[in-house]
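Bear in mind that the values here come from a model prediction, so they are computed numbers and not experimental data.
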Amino acid sequence: MKRRGYEEDASASVGPPQSRARLNPPGDSSFLEDGSTEDLARKVADHYSQRTNQTLEEREASPIIHLKKLNNWIKSVLIQLYARRGDAVLDLACGKGGDLIKWDKAKVGYYVGVDIAEGSIEDCRTRYNGDPEQNPRRKRFTFPARLICGDCYEAHLDKVLEDDAPFDICSCQFALHYSWSTEARARRALANVSALLRPGGTFIGTMPDANVIIKKLREGTCLVQW
């Protein structure tokens, strides 16, 4: 298993400039069935790029704070159950890096995060490297990391991450449903996982139950506004 040399020091800046480029090269759009799907993916990226980091008080005031805490608990349990010391982790739709501490507690050995939103990747990079103004006493993460901005439901990640694979764990937390805008994108998501996960490795995927959501909407009991 080869690892990129520029991340030997976990406290160093994550990745070279080219790792921030979007992974949608010309000719790789065959998995997008039409322009509407591409437009939807762009809207998702823009939405998460524009979301700012919230203070603790702002998070606690959220109307879905209990749902967020439940989701975080689920992710913590899954990571503690299946991650092992020294594991190489591929985190699809990693967002702003909210799970970095969970992976650090599991003592993983290497981390690659991919997300469609450039703003989220920048926030994740800041969180990984540490923001001395926000938390000057927070310790550095113990694992080297690589962060990439790209659509993991369109790009051929096996080509981009050839030197990083195979991974012991592939994780996609509460974001897999975004790939279901078309069958082709869903297949590309699963193909990326299959190509990069080592034989016998672990895939952790969590997503909402659409049947429950539709049932509650029809019953008029689903009152949460996203």
- Query: Mind checking whether F141 and Y128 have ring centres under 6.0 Å apart?
  - Reply: yes
- Query: Is the shortest heavy-atom distance from the side chain of Y153 to the side chain of C172 under 4.5 Å?
  - Reply: yes
- Begin with the C-alpha distance, continue with both residues' side-chain angles, and end with the deciding distance and a verdict on side-chain contact (heavy atoms from CB on, under 4.5 Å) for R218 and K215. CA-CA 5 Å; R218 288 173 176 170; K215 181 176 182 291; 5.9 Å; no
- Just how far is it from atom CD1 of I148 to atom CG of L90, taken to the nearest 0.5 Å? 8.5 Å
- Rounded distance (nearest 0.5 Å) linking atom SG of C149 with atom CD1 of I121: 6.0 Å
- Work out which heavy atom in P166 is nearest to a heavy atom in A88; give both atom names and the distance. O-CB, 4.3 Å
- Item | Check: R127 side chain, K96 main-chain N or O, donor-acceptor pair, under 3.5 Å | yes
- Would you say the side chain of V114 lies within less than 4.5 Å of the side chain of C94, judging by non-hydrogen atoms? no
- N/O donor-acceptor pair under 3.5 Å between T126 side chain and E122 backbone: yes
- Does W73 belong to the same Ile/Leu/Val/Met/Phe/Trp/Tyr cluster as L78, with side-chain heavy atoms less than 4.5 Å apart forming each link? yes
- Task: Considering non-hydrogen atoms only, spot the tightest contact between A83 and W103 and give its length.
- Result: CB-CZ3, 4.0 Å
- Message: Is there a side-chain contact between K107 and F143 in this structure, where contact means two heavy atoms from C-beta onward sitting under 4.5 Å apart?
- Response: no
- Do you know the tightest heavy-atom contact between A155 and N192? O-ND2, 3.0 Å
- Query: If you measure from CG on L157 to CD on E154, what distance do you get to the nearest 0.5 Å?
  - Reply: 10.5 Å
- Message: Quick check: closest heavy atoms across Y110 and P144, and the distance to 0.1 Å?
- Response: CD1-O, 3.5 Å
- Hey, could you give me the OG/NZ distance between S171 and K102, rounded to the nearest 0.5 Å? 10.0 Å
- Message: Check for me, please, whether V108 and L81 land in the same ILVMFWY cluster - side-chain distances under 4.5 Å, paths through other members count.
- Response: yes
- Query: For the atom pair NZ (K69) and OG (S76), what is the distance rounded to the nearest 0.5 Å?
  - Reply: 13.0 Å
- Query: Which heavy atom in P208 sits nearest to a heavy atom in H177, and how many Å separate them?
  - Reply: CD-ND1, 3.6 Å
- Item | Atom pair CD1 (I79) and CD1 (I74), whose distance is rounded to the nearest 0.5 Å | 12.0 Å
- Message: How close do D115 and G95 get, counting heavy atoms only, and between which atoms?
- Response: OD2-N, 2.8 Å
Show the atom names and distances, to 0.1 Å, of all donor-acceptor pairs under 3.5 Å that link a side chain in residues 193-206 to residues at least two apart or in another chain.
{"from": "S194", "atom 1": "OG", "to": "L190", "atom 2": "O", "distance (Å)": "2.9"}
{"from": "R198", "atom 1": "NE", "to": "D168", "atom 2": "OD1", "distance (Å)": "2.6"}
{"from": "T206", "atom 1": "OG1", "to": "Q173", "atom 2": "OE1", "distance (Å)": "2.8"}
{"from": "T206", "atom 1": "OG1", "to": "F174", "atom 2": "N", "distance (Å)": "3.0"}

- Message: Please list all pairs meeting side chain to side chain donor-acceptor pair (under 3.5 Å) that have one or both residues in residues 77-93, counting only residues at least two apart or in different chains.
- Response: D91-Y111
- Is K216 salt-bridged to E219, cutoff N-O under 4.0 Å? no
- Item | Close side-chain approach of R146 to D164, heavy-atom, < 4.5 Å | yes
